[in-house]
Amino acid sequence: MNEGALPCRLPVMQAPIGGAGGVDLVAAICEAGGLGTVAGSWRSLDGLRSTVAAVRERTAEPFAVNLVLDFAQEARVALLAELRVPVITFSWGVRRDLVELARSAGSRVLVQVASREAAVAAVAAGADGVIAQGIEAGGHVQSTTGLLVLVRTLARELRVPLIAAGGIADAAGARAAHAAGAAAVACGTVFVATDEALAAPVWKAAIVAADADDTVLTGLFDVGWRDAPHRVLRNSTYRRWEEAGCPPVGARPGEGEVLARVDGADVVRYSDTPPLAGQDGDLEALCLYAGQSAALIDHVRPAAAVVRALLG
Ligand SMILES: Cc1cc2nc3c(=O)[nH]c(=O)nc-3n(C[C@H](O)[C@H](O)[C@H](O)COP(=O)(O)O)c2cc1C
């Protein structure tokens with residue numbers, strides 16, 4: 001595998017996992033031979049600059065920064081170009097001007113897609129590779145197609161390297177993705193459940209305990225990002241809403257209730273903010289992103305052990 005898909009030794013990428021993917025995790029994965037990713041979408045420019053510097057202090061290996069194009073990202077792309085970040089990944093859309101800006105600075109550009117049409121558009125915009133996200137994936141999910149069908153469909157048509165994302169947590173999954181035509185894999189959920197991830201212990205433990213049916217693709221945790229389906233664990237907030245008959249926004253139980261405070265800001269029920277280590281509050285009731293691959297995750301392990309396990 002790999003075949004030039006990723007600028008690292010091994011065909012394994014850590015997908016962006018929001019604030020749970022701190023510098024420790026990203027650096028550990030890069031040092032283990034994979035490609036770590038900083039979730040850059042919601043960081044201030046100063047925060048993004050200092051995070052990139054901190055990753056560079058910890059590893060000389062290549063790393064990636066992800067930007068979600070459902071939000072304004074022009075200034076962040078310009079900053080990442082100035083910083084000559086080795087890999088920039090885009091998701092939730094593609095913009096030719098941003099791809100060109102990133103590539104003109106020497107960055108490799110990967111675009112996460114959920115359909116054949118989006119993949120063709122990404123290649124036409126100049127992407128160096130495409131990350132195919134299947135419906136099994138954790139976090140925000142655009143896909144309506146299972147991973148293997150999507151990867152196979154793209155492999156039959158596209159000539160750029162494909163990276164498979166969604167439902168992969170071990171070597172068997174990685175081999176299946178490879179057989180379907182992927183040159184590498186990108187995993188999110190399995191890296192949330194690592195020692196280095198900044199996810200709150202209750203979130204990691206819930207992933208370890210979960211079966212595939214314990215995850216649900218929903219629009220429920222929409223405070224902060226509306227109309228963006230996401231796969232999460234069925235937690236107390238989800239169950240309470242279900243028991244209330246799945247009422248619409250404005251009539252959901254406990255709306256506006258403050259569950260935690262993060263950096264001086266209130267985190268309310270139905271927020272898209274997941275719980276991180278060191279936070280206080282009703283953390284189990286916050287948004288616990290996880291993919292169906294949670295069914296395959298039995299322990300919280302060091303990130304390097306996960307990278308090795310993905311290779312068999
Ligand atoms: C906690 C979490 C946060 C995520 N945040 C992002 C993000 O900021 N940008 C993005 O493109 N994808 C994000 N994703 C989705 C990943 O890019 C990827 O598609 C997914 O993790 C793959 O499925 P898996 O979780 O089964 O490995 C996130 C996933 C998780 C689990």
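As the structure lists them, so they are numbered: ligands from 1, and atoms in each ligand from 1. We count residues from 1, following the sequence as given.
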Can you tell me which residue and heavy atom of the protein come closest to atom 8 (O) of ligand 1, and the distance to 0.1 Å? W42 CZ3, 3.5 Å
What protein heavy atom lies closest to atom 5 (N) of ligand 1? Include the residue and the distance to one decimal. P16 O, 3.3 Å
What are the atoms of ligand 1, with element, lying closer than 4.0 Å to any heavy atom of N66? 7 (C), 8 (O), 9 (N), 10 (C), 11 (O)
Using side chain to side chain contact (heavy atoms under 4.5 Å, CB included) as the criterion, point out the one residue from L48, V38, V52 that pairs with V85. V52
With heavy atoms of S91 as the reference, note each atom of ligand 1 found under 4.0 Å away. 9 (N), 10 (C), 11 (O)
Please state whether F71 comes within less than 4.0 angstrom of ligand 1, counting heavy atoms only. no
Please report which non-hydrogen protein atom sits nearest to atom 25 (O) of ligand 1, along with the residue it belongs to and the distance in Å to one decimal place. T189 OG1, 2.6 Å
How far does OG1 of T218 sit from CZ of R231, to the nearest 0.5 angstrom? 10.5 Å
Report yes or no: is the cationic atom of R252 (NZ for Lys, CZ for Arg) closer than 6.0 Å to the six-membered ring centre of Y270, at no more than 45° off its axis? yes
Numbered atoms of ligand 1 (with element) below 4.0 Å of C187, judged on heavy atoms: 27 (O)
Looking only at non-hydrogen atoms, which of S41, G291, G166, A132 approaches atom 23 (O) of ligand 1 most closely? G166
Close-contact set for ligand 1 against A15 heavy atoms, below 4.0 Å: 16 (C), 17 (O), 18 (C)
Check: of A193, G167, G138, A290, min heavy-atom distance to atom 15 (C) of ligand 1 comes from G138
